[in-house]
Amino acid sequence: MEKGNRANFGSKLGLILATAGSAVGLGNVWRFPYMAGQNGGALFIIVYVVCVLALGIPCIMSEFIIGRHSASNTARAYRKLAGKTPFGLVGYLGVLTGLLVNGYYAVVSGWCFEYIYASAAGQLNGDPQFFADFFNTFEKDPVKPIFWAVTFLIVTHLIIIRGVKDGIEKASKMMMPALFVLLIVLVVASCMLPNAWAGVEYLFKPDFSKVTKELFLGALGQAFFSLSIGMGCLCTFASYFSKETNLTSSAMQIGIIDTVIAILGGLIIFPAAFSVGVSPDSGPSLIFITLPNVFQEAFGGIPVVEYLVALSFYILLSLAALTSLISIHEVSTAFVEEEFNVSRNRSATIVTAVSMVIAVLCSLSLSDLDIICLGGKSLFDWLDSITSQILLPLGGFFTCLFLGWYVPKKIVKDQYTNWGTMPGKYFGVYMFCMKFLCPICILLVFLHQFGVI
Ligand code: TRP
């Protein structure tokens with residue numbers, strides 16, 4: 001498809017909400033709080049914010065630059081700039097990563113749907129052991145998680161086939177404000193609990209004795225995941241930006257929205273947990289095992305509220321997951337549509353079908369059936385670690401090197417300054433980040449994950 005008839009976002013607000021919708025996801029409401037809980041609360045947040053500002057925002061910019069310059073899907077976008085060099089493969093790597101993440105993200109998103117259902121049906125009621133059993137039984141069920149993951153993918157599919165403006169942008173314009181309202185209501189409810197202040201303090205009062213190497217690397221990895229960096233999501237969305245879009249300010253707005261929402265997520269979870277004396281460092285099971293119990297103890301006995309808090313929280317989680325899954329899906333949909341020259345409908349169907357197969361296999365690998373496990377790890381865990389620890393950092397790393405060292409500076413500067421119509425004040429700083437700071441930091445995280453440092 002050529003530049004002229006390519007889809008575009010309809011408005012600036014729509015563009016920001018859709019891109020922020022990609023960034024705001026399970027990473028903010030599920031992963032960020034447990035990472036902060038395990039890494040000393042406030043200290044983690046400070047390091048995280050520095051990572052977002054110094055590394056995350058420049059990396060968002062580079063995906064924007066590549067995407068808008070090429071106005072095509074991620075694979076073609078890199079290929080157009082890379083010529084015959086191996087940098088062209090980075091785009092394909094992104095599309096492949098996207099497809100794998102799509103299937104696996106759908107599984108966790110499906111869990112959110114189950115928890116909406118369970119809280120609406122009043123099933124989330126019992127002692128702490130009950131909540132652990134509830135989650136484990138559900139996760140090991142061979143049918144239920146598949147049902148919800150497939151349902152989630154169908155909803156995503158129905159939005160994707162409507163296109164960029166009428167599907168993705170419209171859905172984000174409806175879902176993001178709803179998400180924000182729910183978030184604020186839950187923050188207020190949580191912060192009004194007795195002893196909630198201890199949780200707020202934990203989030204904002206750093207304890208410098210807790211500095212560890214894991215803290216820095218954890219924060220950097222979280223920043224990249226949460227900002228959707230490393231697999232062409234932002235590149236695909238930027239291919240729908242117009243010539244007037246200010247890339248720097250859009251990247252900054254998205255970084256800020258994403259960080260504010262992650263902190264607000266923390267302001268729901270920590271005050272509630274501290275108010276009932278539960279420590280928020282339980283790791284990935286925080287949202288699905290610890291939290292429903294915390295909600296029940298904190299709000300139990302207050303009629304209506306008791307019932308609504310858990311329900312609203314899981315609706316919030318599902319909305320966040322949905323806007324992100326849409327963006328992950330779009331990477332592959334745009335690729336199939338343009339590279340194989342098929343209609344959007346057909347390409348979305350192919351991507352949904354493949355994602356469903358991956359999601360079903362992922363779910364089954366967690367179930368009691370004990371299949372599709374390799375080396376003692378389920379397919380779900382494999383996909384989780386291969387994508388987030390290897391493929392995403394690799395994508396980010398090569399993108400920085402590509403933009404910093406290979407792509408002609410004029411192209412980068414034209415995009416940065418909208419063809420000279422805007423001042424390129426921090427262009428030098430940006431190039432420094434691309435050439436040195438970002439690749440070195442990503443490399444450090446990468447090497448650490450393999451025990452080299
Ligand atoms: N950023 C999303 C979250 O916080 C997840 C996500 C969407 C993502 N697209 C991505 C992560 C691309 C990495 C790469 O949940």
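Just follow the structure's listing: the first ligand is 1, and inside any ligand the first atom is 1.
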Neighbouring residues of ligand 1, heavy-atom cut-off under 4.0 Å: S22, A23, G25, L26, G27, N28, Y105, F225, S226, S228, I229, M231, C233, S324, S327, I328, L392
- request: Tell me yes or no: between the side chains of E339 and N73, is some donor less than 3.5 Å from an acceptor?
  value: yes
task: To the nearest 0.5 Å, tell me how far L100 CG sits from S355 OG.
output: 9.5 Å
message: Tell me the closest heavy-atom pair linking Y314 and L124, and the distance in Å.
response: CE1-CD1, 4.3 Å
task: Count the heavy atoms of every other residue, nucleotide or ligand shown that sit under 6.0 Å from OH of Y406, and state whether that count exceeds 12.
output: yes
- request: Indicate whether the side chain of S22 and that of S324 have a donor and an acceptor atom separated by less than 3.5 Å.
  value: no
message: Please enumerate all residues that pass ring-ring contact (aromatic ring centres under 6.0 Å, His included) together with F131, with sequence neighbours excluded.
response: none
